[in-house]
Structure formats: structure tokens, C-alpha cells
Amino acid sequence: MKRVCGLEENGSNYGWCFDCVPEENSLLLTVNGVLFEMPSLNLVLLKSTELLGESVEARFRKEFPIRFDLLDTMEGGNLSLQVHPTTQFIQENFGMHYTQDESYYMLDAAPDATVYLGLRENIDKEEMIADLYRAQEEKTIFDAEKYINKIPAKKHDHFLIPGGTIHCSGAQGVVLEISSTPNIFTFKMWDWQRLGLDGKPRPINLDRAVEVIRWERDTKYVDHHLRNICHIVDEEETVVEEKTGLHPNEFIETRRHRFTTPVTHHTNNSVNVLNLTQGDEILVESPTKAFEPFVVHYAETFIIPATIGEYTISPADRSGRTEYITIKAYVRF
């Protein structure tokens with residue numbers, strides 16, 4: 001990301017960047033010539049209907065439900081092997097009404113990029129759990145590939161990860177993670193012997209993890225339900241719209257647009273979150289002048305409030321020879 005997105009070369013590495021979680025972001029506003037910073041949550045609380053849409057607000061109240069973040073493992077290592085709670089578990093144990101269902105959209109990938117997703121066929125459940133606990137006690141190294149599917153990943157692959165599914169992003173990839181926003185409930189199972197900044201092994205949450213693993217999500221399940229489940233919704237000469245997910249358990253719908261000419265979008269009464277996954281830059285405009293036109297560059301995320309309704313996305317190259325790609329997420333009803 002430092003090389004591609006123009007980040008400071010000598011700056012510290014980021015764990016993630018702009019992620020649509022209001023509690024973790026702020027807004028910069030110019031008020032009477034003064035630059036003013038305030039929590040993003042203020043916007044959600046004060047303008048929830050306009051931002052989210054009436055139906056989304058009725059369902060999620062004043063919570064922003066969609067999260068985009070970037071995971072960059074280029075020239076790095078695997079992320080921690082982990083699982084997120086099921087909806088039932090998070091309701092019973094943490095009082096949350098929805099869980100962190102998510103997906104990995106491959107923004108970029110080296111030839112040897114991989115994703116760990118779901119369990120291998122016919123594994124011994126008790127043996128795997130015992131091996132995890134032994135590894136936690138630092139007696140052995142957990143053999144992840146014995147139990148977990150290690151899948152080659154290429155640019156624009158889309159892997160779906162409903163709660164209860166074991167997963168992690170492997171090395172040599174840049175993942176656009178699309179998920180719901182209860183983002184602090186991650187049960188880590190194996191961290192590849194890494195140490196935290198304090199020089200000690202990072203926390204593992206095995207006791208909770210083994211309670212929520214969906215053991216039926218094995219190789220066959222992954223291949224049929226979680227890996228590149230794409231269907232063409234509309235196809236024209238210069239624009240193709242594809243449905244790329246998510247899993248039926250998840251409330252987020254994602255649509256990928258491949259285009260060489262301007263595309264008209266509709267919010268359909270839900271907040272829209274988008275990312276430019278291919279192409280140098282695009283121009284986002286409102287035909288009713290509801291907002292000032294703005295430019296979005298490759299890998300940048302942007303939010304269109306539900307109240308906007310119709311908006312257009314135009315490629316920077318108007319020759320019709322360059323294909324641009326966006327991924328859009330909104331709340332499914």
C-alpha cells in the first residue's frame with residue numbers, strides 16, 4: 001500500500017486504514033475558515049435517516065452497519081487464524097444483535113497469494129482442538145494446513161466468511177475486507193508464533209473459538225458456498241453488473257461493476273459503500289447536484305448516503321478502452 005497508494009515510505013506500517021467504523025474515525029470540517037475535527041459517530045447520531053436510509057435505521061438504529069478495511073500482507077506473513085462468533089453466540093454472550101460476518105475481496109495478489117478458509121474434509125475434530133491447545137501452551141507448532149483449507153488467491157477473487165467459519169488472509173495479498181461492524185469480537189486460534197509489541201505471544205481466544213466453529217464448513221462447503229459465488233445481474237456492451245455475495249446468513253449484498261463508460265447507480269434506500277478495485281481514478285457525481293463531484297483513486301473507499309438516490313460513476317479514461325471495476329456493498333432486505 002505504501003508503493004501503490006502513495007503512503008509515506010518511512011512511516012510505520014498500518015494495521016488497517018479507513019474502515020467505516022464511526023467510533024474509530026473522525027470528520028474534518030471547515031467551519032468559518034477553521035478546520036474542525038469531530039467524531040464520525042456524531043454524523044451517524046444526528047443524520048441517521050439521511051445517511052443510512054429509513055429501513056436500515058429501523059433495523060440497526062443509529063449504528064453504521066457496513067465496514068470496509070484493507071489488509072496488506074505483501075512481503076509479510078499470514079494473519080492470525082481466527083473465527084468470529086455466530087449470531088446466536090454474540091447475542092447470548094455479548095448482547096449484540098448481529099455478528100461480524102465478512103468477506104475477503106482480493107484487491108491485489110502476488111502469484112503465491114493464499115487464503116485460509118474452512119476445514120479440510122474428514123478431519124478429527126478432537127485432535128485438532130487438542131493440537132491447538134498444545135500450541136497455545138508453546139509445546140508444539142500448530143499444523144494449520146493439516147486441518148484448514150489453504151486456497152490459492154488471485155486478484156478479484158471473492159471469499160465469503162459468515163460467522164463461525166475459520167479463516168485468515170495468507171501472505172502476499174491485499175484484501176478488501178467487507179464486513180458488518182461489530183469488529184472487536186475476533187477469536188484468535190493460532191498466530192504463527194508471533195510476538196506482540198511487549199515481546200510476549202499475542203492473546204489467543206481458544207475457549208470461545210471452539211464454541212462457535214461451524215464444523216460442517218469443510219472443503220466441499222467452501223467450494224459450493226463461499227468461493228467466487230458470482231452471478232451476472234445485468235450485462236450491456238460497456239457495463240457488466242455482477243452479484244458477488246454475500247452468504248445467505250449475512251445482511252450485506254455486494255455488487256461488482258465492470259465498466260468502460262459511465263455507470264448510473266441507485267442507493268435504493270440503503271447507504272452504499274464502494275471501493276475502486278481497478279483503474280486509476282473515477283469521478284462520482286449527482287445528476288441532481290446533491291453533492292459536489294469528487295474524484296476517487298484506486299483502492300479508495302467512499303460512502304454514498306441513502307438519501308442521495310441516484311448517482312453516477314465515470315471512468316477517468318473516456319476512450320472506452322480501459323476497464324474499471326468497483327465493488328459496492330449495501331444492506332440486503
[X] vs [Y] side-chain heavy atoms within contact, under 4.5 Å:
| X | Y | answer |
| --- | --- | --- |
| T165 | L226 | yes |
| I327 | I178 | yes |
| C20 | V273 | yes |
| T186 | H84 | yes |
| Y311 | T267 | yes |
| P305 | E50 | no |
| L107 | V175 | no |
| F259 | T238 | no |

Test item: [X] side-chain N/O and [Y] main-chain N/O as donor-acceptor pair under 3.5 Å:
| X | Y | answer |
| --- | --- | --- |
| N275 | A299 | yes |
| R227 | H224 | no |
| N272 | Y330 | no |

Find the distance between [atom1] ([X]) and [atom2] ([Y]) and round it off to the nearest 0.5 Å.
| X | Y | atom1 | atom2 | value |
| --- | --- | --- | --- | --- |
| I229 | S103 | CD1 | OG | 12.0 Å |
| H257 | I313 | NE2 | CD1 | 8.0 Å |
| N149 | D223 | CG | CG | 7.5 Å |
| M96 | I90 | CE | CD1 | 5.0 Å |
| S169 | L117 | OG | CG | 11.0 Å |
| E37 | L35 | CD | CG | 8.0 Å |

Do [X] and [Y] sit in the same hydrophobic cluster, where Ile, Leu, Val, Met, Phe, Trp and Tyr count as joined when their side-chain heavy atoms come under 4.5 Å apart?
| X | Y | value |
| --- | --- | --- |
| V271 | L46 | no |
| V4 | L176 | yes |
| I129 | I141 | yes |

Assess the residue pair R255 and E241 against the criterion (salt bridge (charged side-chain N to carboxylate O under 4.0 Å, His left out)); give the C-alpha distance rounded to whole Å, side-chain angles, the decisive distance to 0.1 Å, and a yes or no. CA-CA 7 Å; R255 297 292 175 92; E241 180 182 357; 2.8 Å; yes

Under a plain distance cut-off of 3.5 Å, with no hydrogens placed, do [Y] and [X] share a side-chain donor-acceptor pair?
| X | Y | result |
| --- | --- | --- |
| T244 | E242 | no |
| N269 | S55 | no |
| E57 | S48 | yes |
| S40 | S26 | no |
| E54 | T49 | no |
| T114 | K150 | no |
| H156 | Y105 | yes |

Begin from the C-alpha positions of E8 and K2 and carry the test salt bridge (charged side-chain N to carboxylate O under 4.0 Å, His left out) through to its verdict. CA-CA 6 Å; E8 183 184 349; K2 286 181 178 178; over 6 Å; no

Does the ring centre of F333 sit less than 6.0 Å away from the ring centre of F251?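 No, they do not, as the ring centres are separated by 6.0 Å or more.
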
Are H167 and Y116 near enough that their ring centres are under 6.0 Å apart? no

Under the side-chain hydrogen bond (donor to acceptor under 3.5 Å, both in side chains) criterion, do R120 and T219 qualify, and how do the steps go? CA-CA 5 Å; R120 297 188 64 174; T219 307; 5.7 Å; no

Name the orientation class of the two ring planes belonging to F187 and F94 (parallel below 30°, tilted from 30 to 60°, perpendicular beyond 60°).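 Taking F94 first and then F187, their aromatic rings sit tilted (interplane angle of 30° to 60°).
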
So Y147 and F142, would you call those rings parallel, tilted or perpendicular, with 30° and 60° as cut-offs?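 Ring orientation, 0 to 90° scale: parallel.
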
Over all atoms of both residues, closest heavy-atom pair of C168 and L81: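 Looking at all heavy atoms of both residues, the shortest contact is CB-CA, 3.9 Å.
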
Shortest non-hydrogen contact between G170 and N78, atoms and distance: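 Heavy-atom minimum between the residues: CA-OD1, 3.3 Å.
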
With side-chain hydrogen bond (donor to acceptor under 3.5 Å, both in side chains) as the test, would you mind laying out the steps for D317 and S319 before giving the verdict? CA-CA 6 Å; D317 180 1; S319 69; 2.7 Å; yes

Given F64, which of L41, V21, I303 fulfils the side chain to side chain contact (heavy atoms under 4.5 Å, CB included) condition? I303

Between E127 and K146, is there a salt bridge with N-O shorter than 4.0 Å?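 Result for this pair is yes, salt bridge flagged.
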
Hey, is K155 close enough to D157 for a salt bridge, meaning N to O under 4.0 Å?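 D157 and K155: not salt-bridged.
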
Is it the case that over 12 heavy atoms from other parts of the model lie below 6.0 angstrom from the [atom1] atom of [X]?
| X | atom1 | result |
| --- | --- | --- |
| R61 | CZ | no |
| E292 | CD | no |
| E137 | CD | yes |
| E75 | CD | no |

In sequence, state the C-alpha distance, the side-chain angles, and the governing distance for D108 and Y298, and then conclude on side-chain hydrogen bond (donor to acceptor under 3.5 Å, both in side chains). CA-CA 11 Å; D108 205 349; Y298 172 68; 4.5 Å; no

Does the pair H265 and K328 meet the rule for a side-chain hydrogen bond (donor to acceptor under 3.5 Å, both in side chains), with working shown? CA-CA 10 Å; H265 289 255; K328 174 173 70 174; 3.1 Å; yes

